**Student:** 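Have a look at this one before I ask anything.
Only a predicted model underlies this, so the values are computations on that prediction, with no experimental measurement involved.
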Amino acid sequence: MNARHPSTDGPVGLLALIDFKWLMTAEGLAVNVDRLRQDAGYAQTVFDAADASGNVVLRRIAGELRERLAAASAP
């Protein structure tokens, strides 16, 4: 069997995105994962909100996802 862990699928893993979504939900903000992956303006707004959080883990994951999404969309 050659199954891969979701966090390693592509430059931005599904597991990391879902973790981020639930951490943001705990902060009272709903995140649309598909839109986060496709809409740079929306992603910027969401990541800015995460950066303003008092949750250190959320801020760390947001920073990592921001970099990975930027790298994935770079030409």
**Student:** What is the minimum heavy-atom distance between Arg68 and Gly13, and which atoms define it?
**Tutor:** NH2-N, 3.3 Å
**Student:** Tell me the closest heavy-atom pair linking Leu58 and Asn55, and the distance in Å.
**Tutor:**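 Scanning both residues, the minimum pair turns out to be N-OD1, 3.0 Å.
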**Student:** Working note: Val46 + Phe20, criterion side-chain contact (heavy atoms from CB on, under 4.5 Å); need CA distance, chi angles, decisive distance, verdict.
**Tutor:** CA-CA 10 Å; Val46 170; Phe20 177 73; 3.5 Å; yes
**Student:** Mind running salt bridge (Lys or Arg N to Asp or Glu O under 4.0 Å) on Arg60 and Glu64 for me, showing each step along the way?
**Tutor:** CA-CA 6 Å; Arg60 179 183 54 77; Glu64 291 171 3; 3.2 Å; yes
**Student:** What I want to check is whether the side chains of Asp34 and Gln38 have a donor and an acceptor closer together than 3.5 Å.
**Tutor:**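 There is no such pair (donor and acceptor under 3.5 Å, judged by atom type) between the side chains of Asp34 and Gln38.
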**Student:** Stepwise, does the side-chain contact (heavy atoms from CB on, under 4.5 Å) test hold for Thr25 with Leu29?
**Tutor:** CA-CA 5 Å; Thr25 298; Leu29 299 167; over 6 Å; no
**Student:** Keeping Ser53 on the side-chain end and Ala49 on the backbone end, is there a donor-acceptor pair under 3.5 Å?
**Tutor:** no
**Student:** Considering all heavy atoms of both residues, which atom of Ala50 and which atom of Arg59 are nearest to each other, and what is their separation?
**Tutor:** O-CG, 3.2 Å
**Student:** So Phe47 and Tyr42, ring-ring contact (aromatic ring centres under 6.0 Å, His included) or not? Walk me through it.
**Tutor:** CA-CA 9 Å; Phe47 290 137; Tyr42 175 74; 9.1 Å; no
**Student:** Output the distance between atom CG (Leu36) and atom CZ (Arg66), rounded to the nearest 0.5 Å.
**Tutor:** 10.0 Å
**Student:** Distance from Gln44 atom CD to Leu69 atom CG, nearest 0.5 Å?
**Tutor:** 11.5 Å
**Student:** So which heavy atom on Lys21 is nearest to which on Val33, and how close?
**Tutor:** CD-CG2, 3.8 Å
